[in-house]
Amino acid sequence: AQSVSQHNHHVILSEAASLELGCNYSYGGTVNLFWYVQYPGQHLQLLLKYFSGDPLVKGIKGFEAEFIKSKFSFNLRKPSVQWSDTAEYFCAVSSNDYKLSFGAGTTVTVRA
Amino acid sequence: NAGVTQTPKFQVLKTGQSMTLQCAQDMNHNSMYWYRQDPGMGLRLIYYSASEGTTDKGEVPNGYNVSRLNKREFSLRLESAAPSQTSVYFCASTPVGDIQYFGAGTRLSVL
(Lines give C-alpha, C1' and ligand atoms only; values in the text may rest on other atoms or scores of the structure.)
Protein backbone atom coordinates (compact mmCIF):
# COMPACT_ATOMS: atom_id res chain seq x y z
CA ALA A 1 0.00 0.00 0.00
CA GLN A 2 1.11 3.54 -0.67
CA SER A 3 1.73 6.17 1.96
CA VAL A 4 1.59 9.89 1.34
CA SER A 5 3.43 12.56 3.30
CA GLN A 6 2.60 16.24 3.26
CA HIS A 7 5.39 18.25 4.79
CA ASN A 8 3.49 21.20 6.16
CA HIS A 9 0.57 21.01 8.55
CA HIS A 10 -0.34 24.70 8.46
CA VAL A 11 0.91 27.44 6.18
CA ILE A 12 0.10 31.11 6.71
CA LEU A 13 0.71 33.54 3.87
CA SER A 14 -0.10 37.06 2.84
CA GLU A 15 -1.98 37.77 -0.37
CA ALA A 16 0.24 37.81 -3.48
CA ALA A 17 2.82 35.55 -1.83
CA SER A 18 3.89 32.39 -3.61
CA LEU A 19 2.78 29.01 -2.32
CA GLU A 20 4.47 25.64 -2.51
CA LEU A 21 3.13 22.58 -0.73
CA GLY A 22 5.24 19.46 -0.57
CA CYS A 23 3.98 15.94 -1.18
CA ASN A 24 5.96 12.72 -1.22
CA TYR A 25 4.69 9.22 -1.65
CA SER A 26 6.10 5.77 -1.15
CA TYR A 27 5.27 3.37 -3.94
CA GLY A 28 7.59 2.03 -6.56
CA GLY A 29 5.12 1.25 -9.30
CA THR A 30 2.96 3.29 -11.63
CA VAL A 31 0.90 5.87 -9.78
CA ASN A 32 -1.78 8.43 -10.47
CA LEU A 33 -1.37 11.64 -8.50
CA PHE A 34 -3.92 14.17 -7.37
CA TRP A 35 -4.31 17.37 -5.43
CA TYR A 36 -7.71 18.01 -3.89
CA VAL A 37 -8.87 21.17 -2.14
CA GLN A 38 -11.47 21.54 0.58
CA TYR A 39 -12.76 25.07 1.12
CA PRO A 40 -14.25 25.82 4.53
CA GLY A 41 -17.52 23.96 4.96
CA GLN A 42 -17.35 22.34 1.54
CA HIS A 43 -16.52 18.94 0.13
CA LEU A 44 -13.34 17.95 -1.63
CA GLN A 45 -12.82 19.20 -5.16
CA LEU A 46 -10.15 18.21 -7.63
CA LEU A 47 -7.46 20.83 -8.27
CA LEU A 48 -5.35 18.83 -10.69
CA LYS A 49 -4.24 15.34 -11.57
CA TYR A 50 -1.31 13.57 -13.16
CA PHE A 51 -1.71 10.25 -14.96
CA SER A 52 1.06 10.36 -17.57
CA GLY A 53 2.83 12.66 -20.01
CA ASP A 54 4.13 16.14 -19.19
CA PRO A 55 5.20 16.06 -15.53
CA LEU A 56 4.22 19.71 -15.09
CA VAL A 57 0.46 19.73 -14.66
CA LYS A 58 -1.74 22.79 -14.65
CA GLY A 59 -4.99 22.81 -12.75
CA ILE A 60 -7.79 25.17 -11.89
CA LYS A 61 -7.44 28.58 -10.24
CA GLY A 62 -3.81 29.04 -11.30
CA PHE A 63 -2.43 26.01 -9.47
CA GLU A 64 0.19 23.73 -10.93
CA ALA A 65 2.11 20.68 -9.74
CA GLU A 66 5.28 18.97 -10.81
CA PHE A 67 5.79 15.22 -10.75
CA ILE A 68 9.40 14.29 -10.08
CA LYS A 69 9.57 10.52 -10.34
CA SER A 70 13.11 10.22 -8.97
CA LYS A 71 12.09 12.06 -5.82
CA PHE A 72 8.66 10.43 -5.47
CA SER A 73 7.27 13.94 -5.20
CA PHE A 74 4.28 15.87 -6.51
CA ASN A 75 4.55 19.40 -5.13
CA LEU A 76 1.78 21.94 -5.58
CA ARG A 77 2.54 25.56 -6.47
CA LYS A 78 0.78 28.84 -7.05
CA PRO A 79 2.77 31.98 -7.89
CA SER A 80 0.44 34.47 -6.21
CA VAL A 81 -2.20 33.44 -3.71
CA GLN A 82 -5.48 35.17 -3.00
CA TRP A 83 -7.57 35.31 0.16
CA SER A 84 -10.00 32.90 -1.51
CA ASP A 85 -7.27 30.23 -1.58
CA THR A 86 -7.71 29.74 2.15
CA ALA A 87 -8.54 26.04 2.36
CA GLU A 88 -7.20 22.62 3.23
CA TYR A 89 -5.17 20.91 0.53
CA PHE A 90 -4.77 17.17 0.19
CA CYS A 91 -2.32 15.22 -1.90
CA ALA A 92 -3.52 11.76 -2.96
CA VAL A 93 -2.04 8.79 -4.77
CA SER A 94 -3.61 5.78 -6.42
CA SER A 95 -2.13 2.78 -8.13
CA ASN A 96 -3.66 0.04 -10.24
CA ASP A 97 -6.35 -0.77 -7.69
CA TYR A 98 -7.81 2.76 -8.01
CA LYS A 99 -7.95 3.24 -4.25
CA LEU A 100 -6.81 6.65 -3.13
CA SER A 101 -4.34 7.15 -0.30
CA PHE A 102 -4.46 10.66 1.10
CA GLY A 103 -1.90 12.74 2.90
CA ALA A 104 -2.82 14.31 6.22
CA GLY A 105 -3.60 17.63 4.55
CA THR A 106 -2.14 21.12 4.75
CA THR A 107 -4.23 24.00 5.99
CA VAL A 108 -3.46 27.18 4.08
CA THR A 109 -4.48 30.50 5.56
CA VAL A 110 -4.11 33.56 3.36
CA ARG A 111 -4.19 36.91 5.13
CA ALA A 112 -5.56 39.90 3.29
CA ASN B 1 -26.96 17.46 -11.96
CA ALA B 2 -26.70 16.23 -8.35
CA GLY B 3 -23.43 14.23 -8.55
CA VAL B 4 -22.87 12.42 -5.24
CA THR B 5 -25.60 12.88 -2.64
CA GLN B 6 -25.14 11.94 1.00
CA THR B 7 -27.78 11.79 3.71
CA PRO B 8 -28.03 12.84 6.45
CA LYS B 9 -25.77 15.91 6.64
CA PHE B 10 -25.56 15.81 10.43
CA GLN B 11 -26.28 13.13 13.01
CA VAL B 12 -25.85 12.73 16.74
CA LEU B 13 -25.92 9.22 18.20
CA LYS B 14 -25.57 7.74 21.63
CA THR B 15 -23.00 5.04 22.19
CA GLY B 16 -24.41 1.70 21.09
CA GLN B 17 -26.99 3.08 18.68
CA SER B 18 -26.98 2.02 15.07
CA MET B 19 -27.46 4.01 11.91
CA THR B 20 -26.98 3.88 8.17
CA LEU B 21 -25.38 6.59 6.09
CA GLN B 22 -26.76 6.77 2.58
CA CYS B 23 -24.91 7.65 -0.60
CA ALA B 24 -26.20 7.84 -4.15
CA GLN B 25 -24.54 8.94 -7.38
CA ASP B 26 -26.19 9.77 -10.67
CA MET B 27 -23.10 9.68 -12.88
CA ASN B 28 -23.26 5.98 -13.76
CA HIS B 29 -19.92 5.41 -12.04
CA ASN B 30 -18.70 1.90 -11.42
CA SER B 31 -16.75 2.42 -8.22
CA MET B 32 -17.85 3.91 -4.94
CA TYR B 33 -15.99 4.63 -1.69
CA TRP B 34 -16.55 5.55 1.92
CA TYR B 35 -13.94 7.64 3.77
CA ARG B 36 -13.72 9.17 7.19
CA GLN B 37 -11.95 12.47 7.77
CA ASP B 38 -10.33 13.21 11.11
CA PRO B 39 -8.20 16.24 12.01
CA GLY B 40 -4.54 15.76 11.14
CA MET B 41 -5.16 12.38 9.50
CA GLY B 42 -6.50 13.26 6.08
CA LEU B 43 -9.09 10.91 4.62
CA ARG B 44 -8.92 7.24 5.37
CA LEU B 45 -10.69 4.62 3.30
CA ILE B 46 -13.25 2.56 5.21
CA TYR B 47 -14.74 0.38 2.46
CA TYR B 48 -15.01 0.52 -1.27
CA SER B 49 -16.97 -1.12 -4.03
CA ALA B 50 -15.09 -1.50 -7.29
CA SER B 51 -18.25 -2.46 -9.12
CA GLU B 52 -21.85 -3.36 -8.45
CA GLY B 53 -22.03 -6.55 -6.42
CA THR B 54 -18.57 -6.28 -4.88
CA THR B 55 -17.28 -4.68 -1.69
CA ASP B 56 -13.85 -4.68 -0.07
CA LYS B 57 -12.28 -3.44 3.12
CA GLY B 58 -10.16 -0.35 3.12
CA GLU B 59 -7.73 0.95 5.70
CA VAL B 60 -10.12 1.31 8.68
CA PRO B 61 -13.09 -1.08 8.27
CA ASN B 62 -13.60 -2.17 11.89
CA GLY B 63 -17.01 -1.23 13.27
CA TYR B 64 -18.55 -0.65 9.84
CA ASN B 65 -20.46 -2.59 7.22
CA VAL B 66 -21.43 -1.60 3.72
CA SER B 67 -23.98 -2.52 1.09
CA ARG B 68 -23.77 -1.81 -2.61
CA LEU B 69 -27.49 -1.84 -3.18
CA ASN B 70 -27.25 -1.20 -6.92
CA LYS B 71 -24.97 0.75 -9.22
CA ARG B 72 -26.20 4.09 -7.82
CA GLU B 73 -26.27 3.45 -4.08
CA PHE B 74 -23.63 2.53 -1.51
CA SER B 75 -24.58 2.64 2.16
CA LEU B 76 -22.42 2.58 5.28
CA ARG B 77 -23.77 1.06 8.48
CA LEU B 78 -22.60 1.51 12.05
CA GLU B 79 -24.07 -1.39 14.01
CA SER B 80 -23.07 -0.18 17.47
CA ALA B 81 -21.69 3.34 17.40
CA ALA B 82 -18.68 4.24 19.53
CA PRO B 83 -17.24 7.68 20.39
CA SER B 84 -14.18 6.79 18.27
CA GLN B 85 -16.48 6.87 15.24
CA THR B 86 -17.15 10.57 15.69
CA SER B 87 -15.93 11.94 12.38
CA VAL B 88 -16.91 13.43 9.05
CA TYR B 89 -17.81 10.76 6.53
CA PHE B 90 -17.43 11.24 2.81
CA CYS B 91 -18.75 9.13 0.00
CA ALA B 92 -17.08 9.25 -3.41
CA SER B 93 -17.55 7.68 -6.79
CA THR B 94 -15.47 7.27 -9.91
CA PRO B 95 -15.57 5.74 -13.32
CA VAL B 96 -12.81 3.14 -13.33
CA GLY B 97 -9.35 4.64 -13.23
CA ASP B 98 -10.34 8.28 -13.12
CA ILE B 99 -10.78 11.02 -10.54
CA GLN B 100 -13.07 10.61 -7.56
CA TYR B 101 -16.08 12.84 -7.04
CA PHE B 102 -17.03 13.52 -3.45
CA GLY B 103 -20.30 14.14 -1.67
CA ALA B 104 -20.83 16.97 0.78
CA GLY B 105 -20.16 14.79 3.81
CA THR B 106 -22.00 13.60 6.92
CA ARG B 107 -20.88 15.02 10.24
CA LEU B 108 -21.43 12.35 12.90
CA SER B 109 -21.08 12.78 16.64
CA VAL B 110 -21.26 9.79 18.96
CA LEU B 111 -21.80 10.70 22.59
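Basis for what follows: all heavy atoms, side chains included, without hydrogens, waters or symmetry-related copies. Below, chains carry the letters A, B, ... as their sequence lines are ordered, and counting in each starts from 1.
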Rounded at 0.5 Å granularity, tell me how far [atom1] in [X] sits from [atom2] in [Y].
X        : Y       : atom1 : atom2 : value
B/Phe102 : A/Gln45 : CZ    : CD    : 11.5 Å
A/Leu44  : B/Ile99 : CG    : CD1   : 11.5 Å
B/Gln37  : A/Glu88 : CD    : CD    : 6.0 Å
B/Gln100 : A/Phe34 : CD    : CZ    : 7.5 Å

Inset, instruction - Would you indicate whether the side-chain heavy atoms of B/Phe90 and A/Gln38 approach each other to under 4.5 Å? - result: yes
Inset, instruction - Check whether any side-chain heavy atom of A/Lys99 lies under 4.5 Å from a side-chain heavy atom of B/Tyr48, and answer yes or no. - result: yes
Legend entry - Heavy-atom proximity to chain B below 4.5 Å, by part of A/Gln6: neither
Inset, instruction - Under 4.5 Å heavy-atom distance to chain A, tell me which part of B/Glu59 shows up: side chain, backbone, both or neither. - result: neither
Inset, instruction - Identify which part of B/Leu45 has an atom lying under 4.5 Å from any heavy atom of chain A, answering side chain, backbone, both or neither. - result: side chain
Going hydrophobic residue to hydrophobic residue with side-chain gaps under 4.5 angstrom, can you get from [X] over to [Y]?
X        : Y       : answer
B/Val60  : A/Val4  : no
B/Phe10  : B/Val12 : no
A/Phe102 : B/Ile46 : no
B/Met41  : A/Trp35 : no
A/Ile60  : A/Trp83 : no

Inset, instruction - Indicate the atoms forming the closest heavy-atom contact of A/Leu100 with B/Tyr35, along with that distance. - result: CB-OH, 3.4 Å
Inset, instruction - List the atom of A/Ala104, the atom of B/Gly40, and the distance in Å for their closest heavy-atom pair. - result: CB-O, 3.4 Å
Might you confirm whether atom [atom1] of [X] has over 12 heavy atoms from other residues, nucleotides or ligands at distances under 6.0 Å?
X        : atom1 : result
A/His10  : NE2   : yes
A/Arg111 : CZ    : no
B/Arg107 : CZ    : no

Inset, instruction - Determine the option with the most heavy-atom pairs under 4.5 angstrom with chain A, choosing from B/Leu43, B/Val88, B/Asp38, B/Val4. - result: B/Leu43
